[in-house]
Amino acid sequence: MTEDDFEWSDDDKVKILGATLNIPPGAQAGDLSTNFLTPIAREYDNGRVTEEIILNDLKKKLMKEAKWEYLKKIWLFKGKQGYIHLNFTQEFWWEVIKEVGKRGKDYGKDKLFSGKVQMEFVSANPTGPLNVVNARAAAVGDALYRAFSALGYEVTKEYYVNDEGRQVELLGQSVWAAKKTLSGEETPPPQDGYRGDYIFELARELEGEKPEELGREAMERIVAGQRTSLERYGVTYDNWFYQSSLEGTGYIKKVMEVLEKEGYIGKKGGAVWFTSPHLAEEDDRVLYRSDGSETYYLADLAYHVYKHEQRFKTVIDILGPDHHAHSARMQAGMQALGYGPEWLEILIAQQVNIVRAGERVKMGKRVGEFITLDELVEEVGVDVAKYFFLERGLSSHLNFDFELAKKTSMENPVYYIQYAHARVCSIIREAKAQKLAPDYGAKIGYTFNDDEVALTKRLLIYPKELLLVVLGRQPQVLCAYLHSLAGMFHKYYTDYRVLQADTVEAVQGRLNLVDAIRQVIYNGLEILGISAPESM
RNA sequence: GCGCCCGUAGCUCAGUUGGAUAGAGCAUCGGACUUCUAAUCCGACGGUCAGUGGUUCAAAUCCACUCGGGCGUACCA
C-alpha cells in the first residue's frame, strides 16, 4: 500500500483536525491525541493494512497540512486502546496564541457549513406572559442561532404567533369576565378560561366591549409584551409570523390537495382526519373539525410547507414539553407531504420545575400561577438565568431553585467564568499603565511552561467545541468548556505573576497568553448570549 | 395501555453516533490574601453509573426485560 492508495475524505479531515482531537489524560501522554485510528483501522482491517501503515500514512498527511508543520512527533500510545498521540514544537503554541490574537472576535468562526437554516423557538401562545420554559427555549435557541451562524450557516430566527383559534376566544371571554367583575358585577371566568393578575390588568386597560374585540386587543397587547420581555432578555427575532397571515395564501389548500392525492385523508364523525395505513387508528388527527374550522395541526402543516418554500436547508423548531404528541404528528404529516425526515428537526425543551424554599411550584397559565420570564430576570438577572438553562441538556428536566440561584450567586458558575474575564482585563489595564500591551506580532523568546502549554491546548480546541455545539445542538458543551478554561486560568492566576515575570520576554509571552484566554472566553460568552464584563 | 424524556457522588447535573483512570458545582471538613481583583486557589470526603441479562476486543453509552420518576396521549394550542 502506498500513500496514494489512501484517500482522506473531507469528513475524515474534520475528524483529524477537530472533532476527535482530544487533550489526553495522564502524564506520559502526548500533547494532543485522537482515537481516529480505531474506527479507521477497523474499516481497513482486511488483514493486510496494519495500524502502523495507517499511522505512517496519517503522519505524512498531517505533515503536509501547513498548520501542522510544527508537528514534532506522532506515535501510537501503548495502552488498552490504540490512540494516536501528537507532540508539537514550542513554536506551535506561539502560533496558536498568535492565531487567537490575530483573529480576535472571529477566532472559532469558520465557514464549515453553508445553506439557509431557520430556527423557530419560544412561539408561545399569545394568551399570557412568557414563562420559564419559554425562557429556556429562548436561551438555547438564541445560543444555537449564534453558534450556527459562526460556522457558516445563514440562520433566520422566527417566532410563530398562534393568533387564531379557541384560545383567543377564551382569552377574550376571560378578560370580558374580569371587566364585568371590576365593574362590580361578579362574573366567573369561563370554563378553561385564563386566570391571574394579568387578566385583570388587561381588563383595566382595554376598551373593547365584546369578548371578540377584547380577545384581539388582549392578544396584541400580550404579544407586544412578550416581545419586550424577550428583548430585555437579549433575544430578538428576524421575523414574527402570525398564523392568521396564512389565510388566503393557498398553503392550507396545498396541504389538503397533496394529502388527498397521496391517500392520507379520511372522514369520521363529520370531521376531516389525517390518517394513514401505516399509522394506528389512535394516531389519526383532525384537520377540519366537524363545524368546518381548521385545527392548529392543519395550520402548522401549512406553515411548514410555507417554510419549505423559503428554501431552508434545515428547519429547527424548539417546542415546549406539551408538544410531544404534536412533534410526532408533525413529522408524520411532513413525511406524508413528501419532505424528508431530516428537513424538519424538532427539539423538545423539557419542563422546568421552579423550586422555592425546597418546594416545587405548580404552574400553569390556566391555573393562574406561574413564574414569568420577567420575574426570573428580575430575581436572578439575565446572565444567570441564561446560564442555568444553557448548562443543561435541553432534553432533561430541570430544577430551577430560585433561592439557590440567588443565595449562591456569588459562587455561581456564570460569575466564575465572567470573573476570569474580568481578571484578565484587570491585568491588561495594569499592563497598560506600565506601557505594556499584548503584541501578537512580537517575536517571543520565551518558552511556555507546562501550565501555559496546557492553557494553550485548551484554546486550540475551542473551534472543535463550537463544532460539537452545532453538530449536537447542545450549548452545554460550550458552558462546560468555558467553565473548565476559567478554572485553569484562575489557577494560573494564583500560581504565576504575569507582569512580574522574570524577563521582559516572559512578560510579553504571558501577556499574549492571558489576552488570548480573555478573547476565547469573550467569544464563547458571546455565543451563549452572556455578557463579558471587564471588571466586577 | 401506548408514546416521549429521565434515573450517574448527600443535592443539582455534565459525560451517551461504544474507546484512555466516570467529571463539575453545591454541601461538609481542613488550609492559602504584604502580591496583576480571595466572586479565587489548594487539600480531604464522597460512586454496585437504578437492576438483571445480552451484543463487543471494549458498555454509563447499544439491545431486551424489570423497577422508579416526569410529561404527553383533545374535533385546545
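Lettering of chains follows the sequences in order, A, B, ..., and the numbering in each one begins at 1.
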Under 4.0 Å, heavy atoms only, any strand: does A/S535 hit a base, just the sugar-phosphate, or nothing? base
Evaluation steps, ring pair (Phe, Tyr, Trp, His ring centres under 6.0 Å), between A/Y303 and A/Y251: CA-CA 7 Å; A/Y303 174 45; A/Y251 287 108; 9.7 Å; no
Could you tell me whether the side chains of A/N512 and A/Q508 share a donor-acceptor contact shorter than 3.5 Å? yes
Among the nucleotides B/A39, B/A77, B/G70, whichever has the atom closest to the side chain of A/H324 is B/G70
Should the ring pair A/Y306 and A/F241 be called parallel, tilted or perpendicular, given that the plane angle runs from 0 to 90° and is split at 30 and 60? tilted
Base-pairing assignment for B/A60 (Watson-Crick or G-U wobble, both under 3.5 Å): none
More than 12 heavy atoms of other residues, nucleotides or ligands under 6.0 Å from CG of A/D450: yes or no? no
Could you tell me the Watson-Crick or G-U partner of B/A38, where both distances fall under 3.5 Å? Say none if there is no partner. none
What integer number of Å spans the P atoms of B/A58 and B/G19? 14 Å
C1'-based separation of B/C63 from B/C26 [nearest Å]: 36 Å
Are A/F389 and A/F400 close enough that their ring centers fall under 6.0 Å? yes
When rounded to the nearest Å, what value does the distance between C1' atoms of B/C4 and B/G51 take? 22 Å
Using a 4.0 Å heavy-atom cut-off, does A/L287 contact any base of the nucleic acid, only the sugar-phosphate backbone, or nothing at all? nothing
With rounding to whole Å, what would you report as the distance between B/C6 and B/U16 at their C1' atoms? 13 Å
So what does A/G472 hit on the nucleic acid, given a heavy-atom distance under 4.0 Å: a base, only sugar-phosphate, or nothing? nothing
Does A/R423 place a side-chain N or O at less than 4.0 Å from the phosphate oxygens OP1/OP2 of B/A38? yes
Can you tell me the distance, in whole Å, between the CG atom of A/L394 and the P atom of B/U16? 16 Å
Starting at CZ of A/R166 and ending at C1' of B/A74, how long is that distance when rounded to a whole Å? 9 Å
Side chain A/S33 and base B/A20 donor-acceptor under 3.5 Å: yes
Whole-Å C1' distance, B/C62 and B/C2: 24 Å
Counterpart base for B/A50, defined by Watson-Crick or G-U wobble contacts under 3.5 Å: B/U66
Short side-chain to backbone donor-acceptor contact, A/D163 and A/Q243, under 3.5 Å: yes
Could you state the CG-C1' distance from A/D495 to B/A38, rounded to the nearest angstrom? 14 Å
What integer distance in Å separates A/R392:CZ from B/G70:P? 21 Å
Under 4.0 Å between a side-chain N or O of A/Y194 and OP1 or OP2 of B/C76? no
What's the closest nucleotide to the A/Q351 side chain, out of B/C36, B/C71, B/A77? B/C71
Protein-nucleotides 30-35 of chain B N/O pairs under 3.5 Å:
unit_1: B/U35; atom_1: O2'; unit_2: A/R497; atom_2: NH1; d: 2.6

Please list, pair by pair, any protein nitrogen or oxygen found under 3.5 Å from a nitrogen or oxygen in nucleotides 6-8 of chain B.
unit_1: B/C6; atom_1: OP1; unit_2: A/S395; atom_2: OG; d: 3.4

Closest listed nucleotide, where the reference is the side chain of A/V286 and the choices are B/A77, B/C75, B/G72: B/C75
Can you measure A/F388 atom CZ to B/C26 atom P for me and round it to whole angstrom units? 11 Å
Look at the side-chain N and O atoms of A/Q476 and state whether any lies under 4.0 Å from the OP1 or OP2 oxygen of B/G15. yes
Which base sits across from B/U28 as a Watson-Crick or G-U pair, both distances under 3.5 Å? B/A44
Hey, does the side-chain of A/H85 have a donor or acceptor N/O within less than 3.5 Å of a partner on the base of B/A20? yes
More than 12 foreign heavy atoms under 6.0 Å from CD of A/Q331: is that the case here? yes
Measure across A/A137 and A/F121 and return the closest heavy-atom pair with its distance rounded to 0.1 Å. O-CD1, 3.7 Å
Kindly determine whether A/D300 and A/R329 satisfy salt bridge (Lys or Arg N to Asp or Glu O under 4.0 Å), including the steps that lead there. CA-CA 11 Å; A/D300 213 13; A/R329 244 21 68 69; over 6 Å; no
Starting from C1' on B/A24, measure out to CG on A/L482 and report it in whole angstrom. 14 Å
Base orientation of B/C57, syn vs anti, 90° cut from 0: anti
Assess whether one donor atom and one acceptor atom, taken from the side chain of A/S290 and the base of B/C75, lie less than 3.5 Å apart. yes
With respect to the side chain of A/Q167, which nucleotide from B/U12, B/C5, B/A77 is positioned closest? B/A77
Starting the side chain at C-beta, find the nucleotide from B/A77, B/C36, B/C5 nearest to A/I427. B/C36
Are side-chain N/O atoms of A/S244 and A/E247 paired as donor and acceptor at under 3.5 Å? no
5'-most contact on RNA chain B (nearest-nucleotide basis), A/Y493 vs A/Y288, goes to A/Y493
Length of the OH-C1' vector between A/Y416 and B/A24, whole Å: 10 Å
Expressed as a whole number of Å, how far does the P atom of B/A14 sit from that of B/U8? 10 Å
Write down the distance separating the C1' atoms in B/U17 and B/C13, rounded off to the nearest Å. 22 Å
Below 4.0 angstrom from OP1 or OP2 of B/C11, is there any side-chain N or O of A/N399? no
Indicate whether any N or O donor in one side chain lies under 3.5 Å from an N or O acceptor in the other, for A/E430 and A/Q434. yes
With respect to the side chain of A/A480, which nucleotide from B/A39, B/A14, B/C75 is positioned closest? B/A14
Kindly assign one of parallel, tilted or perpendicular to the pair A/F489 and A/Y493, based on the angle between their ring planes and the thresholds 30° and 60°. tilted
Quick one: label A/H483 by what it contacts on the DNA or RNA (base, sugar-phosphate, nothing), any heavy atom closer than 4.0 Å. sugar-phosphate
Assign A/A422 to base, sugar-phosphate, or nothing according to its heavy-atom contacts below 4.0 angstrom with the strands shown. base
Counting side-chain heavy atoms from C-beta on, which of B/U40, B/C75, B/C36 comes nearest to A/R289? B/C75
Can you check the distance between B/G70 and B/U61, where both ends of the measurement are the P atom (answer in whole Å)? 24 Å
Checking A/S123 side chain against A/Y160 main chain: does a donor-acceptor pair fall under 3.5 Å? yes
In terms of the nearest nucleotide of RNA chain B, which residue is placed more toward the 5' end: A/Q350 or A/G269? A/Q350
Just the rounded figure in Å: distance from C1' of B/U73 to CG of A/L319. 16 Å
Okay, side chain of A/R289, backbone of A/E294: is any donor-acceptor separation there less than 3.5 Å? yes
At 4.0 Å (heavy atoms only), tell me whether A/A271 reaches a base, stays on the sugar-phosphate, or touches nothing. base
Could you tell me which nucleotide pairs with B/G3 by Watson-Crick or G-U wobble geometry, both distances under 3.5 Å, or answer none if nothing does? B/C71
Heavy atoms under 4.0 Å, any strand shown: does A/Y496 hit a base, just sugar-phosphate, or nothing? base
